[in-house]
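Quick notes on the structure that follows.
Throughout, a chain's letter reflects where its sequence line sits, starting with A, and its residues are numbered from 1. The figures that follow rest on heavy atoms only: side chains count, while hydrogens, waters and symmetry mates do not.
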Amino acid sequence: MISANEPFERRHPSQTNLDPKTSFSYENEGSDIRLPVPAEFSFAENVAHLSTATNESLYTLREGRIYKAIAVGREDTVVEIAADGDTHLRIRFIEEPASDSPTLREGVARYVHDWFDLGTDLKPFYEMARQDPLLKQAVVSFYGLRNMGIPDLYEAICWGILGQQINLAFAYTLKRRFVEKFGRVIERAGESYWLFPTAEDLASFTPEDLSAAGMTTVKKCEYLVDTARLIASGELTKEQLLQTGDVKQAEKMLVKIRGIGPWTAHYVLMRCLRMPDAFPIDDVGLHHSIRHVLGLDTKPSKERILELSAGWTQWESYATFYLWRFLY
DNA sequence: TTCCAGGTTTCCT
DNA sequence: AGGAAACATGGA
């Protein structure tokens, strides 16, 4: 009993260079997991962000709590995530009996830690943003919001590719089709919870298979299959991207892949690799946000955005994420 | 019907 | 390296 409640502490060895924010710990309480959150954290703000997704297939919100299927290795589970006071998240396993596998429990804790970006200290960002004309309102309105990410590399790239040059509502429709055709479903208490398909799952399909399943263009289907094969074969990994050392080198690596341009590369580096200076500057949503905040008649030029973002050094991804929140 | 949407590739100088 | 055209489709 004492050992089961002992706080757990370990570090990611491969991320020490790029990611100084690597402290990670959790504790078991009964069959639940308690995950500490930083001071600059609001569960309600993050749920509010999640609730802006229309037709989302990978999580469910009910009464202010989050329900989601999570895969750890070959083990699948479904969890409920709720606030536990102001200092912790509480993760409950939606299954009987609750998991007693230490590997699964740690994997789930790590996933949630990564998903909510709990390792980042937002104090310096808020300090900078308070003086910034574009951000000062956003950081008050959305205080405690984290860059809710996409921990799985294949999922992040797919979402980038699916979302290219189409409206978000349609992008969510495509994602749902993709998930429900190629992903796995877990049933719990009469509800269905979907897991995003793995790169391995997709590597054996052809672009025509995807096209027949209702994905838009054969071109995008080619990109989705090609990327699945690259990741499944180990030719593209998160570790490789992190080891490039900086966002420019990682962007170069990603842009070599057909279907990934500068926007998708930065989107993936921001949402999945958590590079703080990833910056999808060509993003139409970002342009709309800036126009809205400054009350402009037209979208700002790239030069203007570079001027406005000059003070965001090493916080470009958080600045973008906060500005996106104005769109909903 | 037209215009736009959380772009990328290809083909040009 | 930098620019224009083709791509391709649901929503407003």
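- Within 6.0 Å of atom CG in A:D86, 12 or fewer heavy atoms from other residues, nucleotides or ligands are found, so the atom counts as exposed in its surroundings.
- As rounded to whole Å, 21 Å separates atom P of B:dA5 from atom NZ of A:K175.
- A 3.5 Å limit on both hydrogen-bonding distances identifies B:dT13 as the Watson-Crick or G-U partner of C:dA1.
- Taking atom C1' in both B:dG6 and C:dA5, the straight-line distance is 22 Å, to the nearest Å.
- Rounding to whole angstrom units, NE2 of residue A:H266 and P of B:dT8 are separated by 10 Å.
- Contacts of A:Y223 with the nucleic acid, taken as non-hydrogen atoms under 4.0 Å apart, involve only primed sugar atoms and P, OP1 or OP2.
- The local environment of CZ in A:R65 is sparse, with at most 12 non-hydrogen atoms from other residues, nucleotides or ligands closer than 6.0 Å.
- Using cut-offs of 30° and 60° for the angle between ring planes, the A:F116 and A:F43 rings count as parallel.
- Here A:H288 lies in heavy-atom contact (under 4.0 Å) with sugar-phosphate atoms only.
- Rounding to whole angstrom units, CZ of residue A:R258 and C1' of B:dC11 are separated by 14 Å.
- Counting side-chain heavy-atom gaps under 4.5 Å among Ile, Leu, Val, Met, Phe, Trp and Tyr, the cluster of A:V78 also holds A:Y67, A:I94, A:I186, A:Y193, A:L195.
- At whole-Å resolution of the value, NZ in A:K252 and P in C:dA1 are 10 Å apart.
- The CD atom of A:E222 sits 16 Å away from the C1' atom of B:dG7 (whole-angstrom rounding).
- Atom OH in A:Y172 sits about 14 Å away from atom C1' in B:dA5, given to the nearest Å.
- In this structure, A:H287 atom NE2 and B:dC4 atom P are separated by 15 Å, rounded to whole Å.
- Closest approach to the A:V284 side chain among B:dT8, B:dT10, B:dG6 is made by B:dG6 (side chain taken as heavy atoms from C-beta onward).
- A:F125 and A:W315 have tilted rings, their planes meeting at an angle from 30° to 60° on a 0 to 90° scale.
- When atom types are taken as modelled, the side chain of A:K220 and the backbone of A:L162 share a donor-acceptor pair closer than 3.5 angstrom.
- The aromatic rings of A:W115 and A:Y59 lie tilted to each other, with the angle between the two planes from 30° to 60°.
- Among the protein residues, A:P280 comes within range of no part of the nucleic acid, since none of its heavy atoms lies under 4.0 Å from any strand.
- When each of A:I260 and A:L168 is assigned the nucleotide of DNA chain B with its nearest heavy atom, A:L168 is the one assigned upstream, toward the 5' end.
- Whole-Å rounding puts the A:K220 NZ to B:dG6 P distance at 11 Å.
- Interface residues of residues 154-164 of chain A facing DNA chain B, ordered by number: A:G163, A:Q164; criterion, heavy-atom separation under 4.0 Å.
- Checked against B:dG6, B:dT9, B:dA5, the side chain of A:W324 finds its nearest nucleotide in B:dG6.
- In this structure, A:F321 has its ring center closer than 6.0 angstrom to the ring center of A:H49.
- At the heavy-atom level, A:Y328 lies under 4.0 Å from base atoms of the strands shown.
- Put simply, the side chain of A:L145 reaches to within 4.5 Å of the side chain of A:N46, judged on heavy atoms.
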Contact pattern, 5' to 3', of nucleotides 7-12 of chain C - B, S or - by protein heavy atom under 4.0 Å: -SSBS-

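- Phosphate proximity of B:dG6 to A:R271: absent, as no side-chain N or O sits under 4.0 Å from OP1 or OP2.
- For the residue pair A:Y267/A:R271, the side-chain donor-acceptor check at 3.5 Å is satisfied.
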